[in-house]
A.B. asks: 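First the structure, which I've put down as structure tokens, then a few questions once you've had a look.
What you are looking at is a predicted structure, and each value in this text was computed from that prediction instead of being measured. For the single chain, residues carry numbers from 1 onward in sequence order.
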Amino acid sequence: MKLKKTDCLPLQLVLLLCLFTPLLIIAQEKESTSKQAPITIVAKVLDKESKEPLPFTNVIVEGTSIGTITNEEGFFELTVSEKYKRSKLVFSFIGYQNTSIAIKSFDGNDKFVYLETESNSLDEVLLIAKNKYKEFINQAIATTSQNYAQQATLLETYYRELTKIDNKYTKFADAAINLYYSPYDGSFDLQRSRVGYYRFSRLENEIKKVPFPEPSDLIADYKDQAKIIALRKSDNLQKYKILKQSKELSAIDTTNLKWLENNEIGGGPLRLTGADKFKRQEDFFDPKTNGQYLFKLYGRSSYNNKPVYIISFAPKDSTNAKAKYKGEITLDEESKAVIAYQYSLTKLSKKQSSQKFGAQLKTPESVEKESKLAFISRTTSLEDYKIYVTYSYYNGKWYLKRIKATNTYLNTGDLFEDYTAITESELVINKTQTENIQVFPINEVFDSIFSNALFNLNLPYNQPFWKSYSTLVATGVVGKALEDLESTSSLEKQFETNK
């Protein structure tokens with residue numbers, strides 16, 4: 001089945017693909033108390049006809065929420081308890097027929113899984129009513145209670161974050177996390193959540209690092225919680241380029257000044273859930289304001305063997321600063337459930353972006369003597385960001401599956417050369433629990449405020465845990481990112497150094 005579209009490029013891959021480093025997540029089933037060895041499945045998912053890999057294919061143990069996704073090269077590795085040896089894995093990808101394969105057939109060996117394109121012809125839908133597809137989006141919002149959880153859920157989650165400076169990866173951290181996630185019941189309180197997220201801690205006066213200015217809508221819901229189970233982090237490999245203001249200045253020891261240039265990803269993993277705009281009914285998912293957007297049929301395809309609409313949206317008026325986004329939404333044709341969406345800033349919104357943080361420090365005497373600067377200042381500005389959100393179907397409802405945010409920044413100021421920074425943050429839900437969900441004890445919760453960085457969390461590296469957790473092939477990053485980050489030593493050694 002070929003994706004039918006009204007213009008430009010195919011979208012089957014776009015909604016589920018990352019633009020940057022490939023990620024391979026492995027879920028681990030932890031419920032079993034059996035002493036029998038777990039089952040590990042390694043395979044690659046390909047298009048049956050072209051033999052091309054299918055990145056970010058959903059892989060789920062049939063009848064459960066346990067699963068993972070393939071990486072950019074189509075590989076996945078999934079570890080489950082022995083009790084699932086008679087179960088099947090279900091593979092699903094937009095535009096392809098679902099495929100089920102018995103777990104026992106993998107037999108512990110590498111295997112190829114081939115998916116066939118949907119053979120049924122999906123006729124084009126003609127635009128009959130003005131902005132008809134806006135009505136479809138509003139139907140999706142109106143039927144939220146039928147399609148999404150109306151009680152809190154516990155999400156067993158893998159999270160990772162990467163920082164890239166001038167096209168070189170310099171920092172990496174990943175974590176095993178449990179999220180207490182409030183229901184899709186329209187109760188999100190933006191003002192209360194914002195006050196909590198941006199509250200100031202007196203301890204911040206002693207932290208000589210400045211967070212990246214995250215998009216203003218990436219704010220953790222005050223009702224939600226994150227509990228960090230385990231953490232790994234690399235060294236900071238950023239190189240500092242001194243401005244050539246004088247021969248003497250180039251020789252300055254900048255050890256005590258690095259924090260002026262060295263930003264952190266603040267807010268922790270929970271901030272990413274601010275991208276779940278469907279849950280919060282914001283912007284293009286707010287029936288009161290989404291009339292500012294024009295929704296068009298981009299194409300039709302299939303997912304889980306059912307037809308879906310792919311709807312594009314953009315501001316009706318390109319000069320309207322209140323309509324900040326453009327993007328695409330994948331919608332189940334029958335139930336009108338939102339399956340996935342992506343969005344980014346419009347050109348006007350990029351120009352008008354005012355998200356920035358500044359830092360200033362009284363120049364240490366040794367530096368002031370050579371630099372002739374009484375104060376040193378740096379400013380980091382958010383230039384652009386792109387968001388991807390997908391959901392997974394389980395027991396008659398759609399649950400959050402994956403969020404990825406890619407932010408671009410410009411850092412300018414004194415002493416150091418200007419540079420561009422790109423941050424990549426991603427969370428993937430490996431398992432969803434829906435019964436007997438309780439909030440976490442407050443002393444176990446990561447404080448999800450804008451200035452609290454996961455990278456700074458003092459949690460020792462637990463090597464035995466990560467070996468049994470089997471999260472990622474290699475270390476969570478591959479290709480150029482792995483090459484950059486291991487330029488001085490292996491990530492495993494860096495993890496051990498950061499105990």
Side-chain angles (χ1 to χ4, degrees), residues 18 20-30 68-69 71 77 79 153-163 169-181 209 211-212 214 218 220 224-236 264-275 400-407 423-433 440-441 443-478 481-482 485 491-492 494-499:
C18 296
F20 296 97
T21 309
L23 170 67
L24 180 59
I25 302 295
I26 299 166
Q28 181 184 18
E29 167 57 25
K30 299 178 182 178
T68 185
I69 56 176
N71 74 348
E77 184 174 335
T79 300
T153 53
L154 176 65
L155 308 179
E156 295 185 13
T157 305
Y158 171 80
Y159 170 83
R160 69 150 190 180
E161 58 186 37
L162 283 155
T163 301
Y169 287 92
T170 62
K171 190 181 296 186
F172 165 76
D174 66 349
I177 300 167
N178 285 344
L179 297 182
Y180 173 88
Y181 205 45
K209 291 182 180 178
F212 284 108
E214 289 284 332
L218 291 193
D224 296 339
Q225 297 176 308
K227 179 180 178 180
I228 313 301
I229 307 300
L231 173 66
R232 302 185 296 188
K233 49 189 177 181
S234 69
D235 288 334
N236 179 13
E264 299 284 1
I265 301 175
L270 200 57
R271 84 191 188 288
L272 274 187
T273 59
L400 183 64
K401 179 63 180 179
R402 173 175 172 259
I403 298 179
K404 178 172 182 178
T406 303
N407 303 345
T423 64
E424 304 171 30
S425 304
E426 186 165 20
L427 60 81
V428 176
I429 287 77
N430 294 329
K431 182 179 179 182
T432 301
Q433 296 185 33
F440 305 137
N443 64 324
E444 297 179 2
V445 175
F446 181 83
D447 194 9
S448 300
I449 60 176
F450 81 100
S451 56
N452 195 16
L454 181 68
F455 197 87
N456 293 332
L457 181 64
N458 185 21
L459 187 64
Y461 171 51
N462 186 340
Q463 188 180 56
F465 172 88
W466 287 107
K467 284 186 176 180
S468 63
Y469 187 70
S470 304
T471 54
L472 302 172
V473 169
T475 51
V477 287
V478 293
L482 186 60
L485 291 167
L491 277 177
E492 182 63 29
Q494 294 178 49
F495 296 153
E496 292 175 354
T497 300
N498 285 324
K499 281 184 176 180

A.B. asks: Find out whether E492 and Q463 are in side-chain contact, i.e. whether some heavy atom of one side chain is under 4.5 Å from a heavy atom of the other.
C.D. replies: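 Answer yes - side chains close enough.
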A.B. asks: Over 60° means perpendicular and under 30° means parallel, so tell me whether F495 and Y461 are parallel, tilted or perpendicular.
C.D. replies: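 Plane angle between 30° and 60°, so tilted.
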A.B. asks: Does a side-chain heavy-atom distance below 4.5 Å link Y180 with V445?
C.D. replies: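 They are not in side-chain contact.
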A.B. asks: Among F172, F212, Y169, F455, find the one that has a side-chain contact (heavy atoms from CB on, under 4.5 Å) with T163.
C.D. replies: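 The passing option is F212.
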A.B. asks: Measuring from atom CD1 of I429 to atom CG of L155, what distance do you get when rounded to the nearest 0.5 angstrom?
C.D. replies: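 I429 atom CD1 to L155 atom CG measures 5.0 Å (nearest 0.5 Å).
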A.B. asks: Is any side-chain heavy atom of E214 less than 4.5 Å from a side-chain heavy atom of I265?
C.D. replies: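 Yes. Closest side-chain heavy atoms under 4.5 Å.
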A.B. asks: Show the numbers, then the answer: is there a side chain to side chain contact (heavy atoms under 4.5 Å, CB included) between I229 and N462?
C.D. replies: CA-CA 10 Å; I229 307 300; N462 186 340; over 6 Å; no
A.B. asks: Once you round to the nearest 0.5 Å, how far does NZ of K171 lie from CG of N236?
C.D. replies: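 If we round to the nearest 0.5 Å, K171:NZ and N236:CG are 4.0 Å apart.
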A.B. asks: Which salt bridge (Lys or Arg N to Asp or Glu O under 4.0 Å) pairs, counting each pair once, include a residue from residues 446-455, with sequence neighbours left out?
C.D. replies: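 As it turns out, the salt bridge (Lys or Arg N to Asp or Glu O under 4.0 Å) pairs with a partner in residues 446-455, which skip direct neighbours, are R199-D447.
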A.B. asks: Does any part of the side chain of R160, heavy atoms only, come nearer than 4.5 Å to the side chain of R232, both counted from C-beta?
C.D. replies: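 R232 vs R160: side chains apart.
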A.B. asks: Hey, what do you get for CD (Q225) to CG (L154), rounding to the nearest 0.5 Å?
C.D. replies: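 Here the rounded value is 10.5 Å.
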A.B. asks: Distance from E161 atom CD to L272 atom CG, nearest 0.5 Å?
C.D. replies: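 E161 CD to L272 CG: 9.0 Å, rounded to 0.5 Å.
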A.B. asks: With respect to F446, which candidate in L270, L454, I177 satisfies the side-chain contact (heavy atoms from CB on, under 4.5 Å) definition?
C.D. replies: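 Among L270, L454, I177, the one that satisfies the side-chain contact (heavy atoms from CB on, under 4.5 Å) with F446 is L454.
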A.B. asks: To the nearest 0.5 Å, what is the distance between OG1 (T432) and OH (Y181)?
C.D. replies: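 Spacing of OG1 (T432) from OH (Y181) equals 11.0 Å.
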A.B. asks: Taking all non-hydrogen atoms of both residues, which atom of I228 and which atom of P269 are closest, and how far apart?
C.D. replies: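 Closest heavy-atom pair between I228 and P269: CD1-CG, 4.4 Å.
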A.B. asks: Of all the heavy-atom pairs spanning R271 and G266, show the shortest one and how long it is.
C.D. replies: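 Answer, listing the atom of R271 first, then G266: CD-O, 3.0 Å.
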A.B. asks: Could you give the distance from OH (Y159) to CD1 (I403), rounded to the nearest 0.5 Å?
C.D. replies: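 One finds 11.0 Å between OH of Y159 and CD1 of I403.
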